[in-house]
Amino acid sequence: MIEFKNLTKTYNGINAVDNLSLTIENGEIFGLLGPNGAGKSTTILMLCGLIQPTSGECLIDGTEVSKNPVEVKRNIGYMPEDVGFYQNLTAEQNLSFFAKLYDMNKELRDKKIPELLELVGLEGVEKTVGGYSKGMRQRLGIAKALINDPSVVILDEPTANLDPQGVSDYRKIIRQISDSEKTVLVSSHILSEVSKVCSDVGIMQKGRLVHRGSWQELSGSLNICGLESIIINLEAESEIPELAISDITGTEISADGRRAVITAKSDVRSEISRVLNRNNVLIKELCIDQTTLEDAVLSYYNLEAAN
Ligand code: ADP
């Protein structure tokens, strides 16, 4: 579990992180979103014990980071944007080097390292890291972050510079990690990266948390984001009837009549489901389109931090 309590970091009189309070439970994949300069990296550096807060505290599984840096570092796996590896060593040799820093004995290393290489899809790769693609390096970075079997895994801008295959591999690995009850914190300014893997999100703006909640809650607050139009995807078990709802401004129906892309002035999902129920049409999917969620997040980026 990760807890931030009234966490503040001030540089030259300016709060890079401003009174941040937030709890992230075990097994959660939490996305910390925000534009460049919002304070994400500063927050993570304090969480890892790499810089000291000006005031407030960070706790990992109940232990305060700044007072117990050595103990806390054993429970954290941190992957910075650019992970450093020995170029002339293989993945296995690099991981072995880091494992020794954690005092892992040979027996434990011989068990753990092949498991991690398999998790990140680098088992059997003989070449040295100098010959790796960016995606391979990033995957090895995840393995390195997991070497000490941490309860909390922190990934800073994990898919920066990855190609689509690399991004897809990364998502699969993150889901596997959270299945093992670890708490995962992903920091990113790329919305789609966070929305595809994270259960909950926090949006930072000018050092403050301006939104925290699930993607469902974010879509529930679309109307207060001031969006002019919302796109809703609908799929039904049978043909979709006419949706006479005043806020709907456009409907595109598929050839078989069972799928529709609806544009509306507000979140009219409840009204849509009522019409379908009345017509005995079963709903397969009724959700806010990804582009609308992204617009909602961007509208938070543009908000002045209000709390
Ligand atoms: P993000 O990771 O969201 O892009 P950062 O945490 O890097 O944001 O930065 C937050 C703010 O703090 C920015 O305005 C940045 O210029 C400032 N900042 C970060 N580190 C330092 C530092 N070492 N000295 C002075 N200002 C800093």
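Order of listing sets the numbers, starting from 1, for every ligand and every atom in it.
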Sequence neighbours left out, cut at 3.5 Å: what donor-acceptor pairs do the side chains of residues 63-70 make with other protein atoms?
residue : atom : partner : partner atom : Å
Glu64   : OE1  : Lys67   : NZ           : 2.8
Glu64   : OE2  : Ser66   : OG           : 2.8
Asn68   : ND2  : Glu64   : O            : 2.9

- Item | Shortest non-hydrogen contact between Glu239 and Val281, atoms and distance |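 Answer, listing the atom of Glu239 first, then Val281: O-CG2, 3.7 Å.
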- Check each protein residue for a heavy atom under 4.0 Å from ligand 1 and list those that pass, ordered by chain and number.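 Contacting ligand 1 under 4.0 Å are Tyr11, Ala16, Pro35, Asn36, Gly37, Ala38, Gly39, Lys40, Ser41, Thr42.
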- Message: Under 3.5 Å, is there a donor on one side chain and an acceptor on the other for Asp200 and Ser214?
- Response: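 No, Ser214 and Asp200 have no side-chain donor paired with an acceptor closer than 3.5 Å.
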- Message: Check whether Thr183 reaches the backbone of Glu28 with its side chain - one donor and one acceptor, N or O, closer than 3.5 Å.
- Response: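 Side chain of Thr183 to backbone of Glu28, a donor-acceptor pair under 3.5 Å: no, none is there.
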- Item | Ring-face cation contact, Tyr11 with Lys9, 6.0 Å cut, 45° max |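 Geometry flag: set, cation within 6.0 Å and 45°.
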- Item | Cationic N near anionic O, under 4.0 Å, Asp156 to Lys40 |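 Here Asp156 does not pair with Lys40 in a salt bridge, since their nearest N and O are not under 4.0 Å apart.
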